[in-house]
Amino acid sequence: MSSQQKKPLPFIVTFVAGAIAGISEILTFYPLDVVKTRMQLETGKTKHGIVGAFRSIVKEEGVGRLYRGLVPPLLMEAPKRATKFAANDFWGKTLMNLSGSSKMTQPLSITTGCLAGATVLQDKASTYKGPLDVVGRVLRSEGPLGLYAGMEATLWRHLWWNGGYFGCIFQVKSLLPRADSPQAQLMNNFVSGAVGGFVGTCINTPYVVKSRIQGTIQVPGVVPKYNWTYPALVTIFREEGVRALYKGFVPKVLRLAPGGGVLLLVVEFTLGVFRKALGPPYI
């Protein structure tokens with residue numbers, strides 16, 4: 001059976017492959033996310049570069065701080081990445097059917113990435129003991145809506161990152177030399193995923209405002225300075241300049257560029273294993 005006639009894998013298979021890839025990526029790059037968040041929460045002129053931030057955290061709080069809070073991201077981000085790839089596959093098939101297209105195109109790949117991102121919906125001073133403590137204390141101090149702080153910014157951040165990520169994967173794969181071995185195929189997947197991760201990060205980094213919104217202390221009767229995404233972006237740009245919108249860009253791109261490569265590599269490798277295990281007509 002030719003590759004064009006291969007039967008699409010079930011949704012659950014794509015979901016599981018995405019979950020495995022998500023866990024692999026999180027365990028590898030989590031410390032960079034801690035550093036990135038610290039840098040984004042700094043107001044005014046940045047005090048530390050990425051190396052300085054790493055040294056400061058290790059010196060003042062120990063190496064373990066780089067992995068503090070790892071369980072909640074694993075519980076949340078692994079299913080989110082699983083949903084991302086499964087949703088991208090679902091929307092790709094759906095839009096191709098609706099448009100009557102027999103193959104994926106650049107505009108369709110960007111659109112499906114944005115839809116996948118929309119489908120998927122740390123602070124130094126933190127004293128939370130764990131996820132349940134976070135929920136309890138937020139409910140007591142801010143009410144149920146406090147649990148949704150930054151959700152709008154999160155939606156925009158995911159939408160633009162995934163549009164850039166999956167759109168670039170399609171384009172880069174079409175430009176790379178045809179893989180003539182499994183090793184070459186894995187390398188192509190890593191390179192295209194890494195480029196996609198880089199472009200997606202360049203597009204969505206200004207949504208640093210999410211960290212500002214979530215880090216704002218709520219005062220009854222006072223409208224928060226950072227409340228909605230685009231007005232907050234204008235406020236940061238006006239008061240701190242364009243560089244403030246890209247605080248934490250280096251650690252973020254150092255995580256999400258190779259992380260995007262690892263995600264795609266592991267997903268495609270895992271899907272290949274499933275295809276072999278299921279046999280025809282999936283091979």
Side-chain angles (χ1 to χ4, degrees), residues 18-42 46 48-58 61 63-85 113 116-117 120 122-124 126 150 153-154 156-169 172 187 189-212 214-215 243-268:
I20 294 172
I23 292 172
S24 302
E25 189 267 344
I26 291 168
L27 292 176
T28 304
F29 297 103
Y30 184 76
L32 281 170
D33 192 56
V34 173
V35 173
K36 178 264 296 182
T37 302
R38 290 288 185 85
M39 294 176 72
Q40 289 180 337
L41 288 174
E42 290 182 7
T46 302
H48 302 289
I50 178 173
V51 176
F54 263 116
R55 288 177 177 173
S56 177
I57 292 172
V58 173
E61 305 168 55
V63 177
R65 183 61 181 87
L66 295 173
Y67 286 93
R68 182 182 175 189
L70 177 62
V71 173
L74 282 176
L75 294 176
M76 180 179 70
E77 297 293 334
K80 188 169 72 176
R81 283 158 171 74
T83 302
K84 173 193 309 187
F85 280 95
V120 178
Q122 313 166 13
D123 178 9
K124 184 176 181 180
S126 175
T154 301
W156 289 115
R157 187 182 71 167
H158 287 309
L159 186 149
W160 295 126
W161 193 89
N162 284 281
Y165 179 67
F166 286 108
C168 279
I169 286 174
V172 174
M187 180 56 68
N189 287 331
F190 178 80
V191 170
S192 56
V195 173
F198 175 80
V199 173
T201 302
C202 290
I203 294 172
N204 90 332
T205 292
Y207 295 89
V208 57
V209 68
K210 169 184 173 289
S211 297
R212 297 284 185 94
Q214 292 180 324
R243 292 183 64 180
L245 297 175
Y246 281 87
K247 279 185 176 179
F249 174 76
V250 173
K252 184 176 182 181
V253 80
L254 285 177
R255 172 184 174 175
L256 294 180
V262 169
L263 278 174
L264 187 63
L265 185 154
V266 176
V267 163
E268 293 293 347

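Please read these numbers as outputs of a predicted model, since none were measured by experiment. Quick note: numbers below take in every heavy atom, side chains included, and nothing from hydrogens, waters or symmetry partners.
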Can you sort out the partners of [X] under side chain to side chain contact (heavy atoms under 4.5 Å, CB included), two or more places apart, ordered by chain and number?
X	answer
Asn189	Lys173, Gln185, Leu264, Glu268
Leu70	Ile26, Leu27, Tyr30, Tyr67, Leu74
Ala257	Phe198, Val253

List for me each residue that meets side chain to side chain donor-acceptor pair (under 3.5 Å) alongside Ser24, sequence neighbours excluded, and say none if there are none.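 With neighbours one apart ignored, the set is empty.
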Could you measure the distance from the [atom1] atom of [X] to the [atom2] atom of [Y]? Nearest 0.5 Å is fine.
X	Y	atom1	atom2	value
Ile169	Leu263	CD1	CG	8.5 Å
Thr201	Trp161	OG1	CH2	6.0 Å
Phe190	Leu265	CZ	CG	7.5 Å
Asn162	Arg157	CG	CZ	10.5 Å

Could you check if a side-chain atom of Phe249 sits within less than 4.5 angstrom of a side-chain atom of Cys202, using non-hydrogen atoms only?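 Phe249 vs Cys202: side chains touch.
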Considering all heavy atoms, the nearest Gly18-Phe85 contact: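 Between these two residues, the closest heavy atoms are CA-CD1, 4.3 Å.
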Minimum heavy-atom distance Ala82-Ala19, with the two atoms named: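 Closest approach of Ala82 to Ala19: CB-N, 3.3 Å.
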Name all pairs fulfilling the salt bridge (Lys or Arg N to Asp or Glu O under 4.0 Å) condition that reach into residues 20-32, sequence neighbours left out, sorted by first residue then second.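 Salt bridge (Lys or Arg N to Asp or Glu O under 4.0 Å) check on residues 20-32 returns Glu25-Arg81, Glu25-Arg255.
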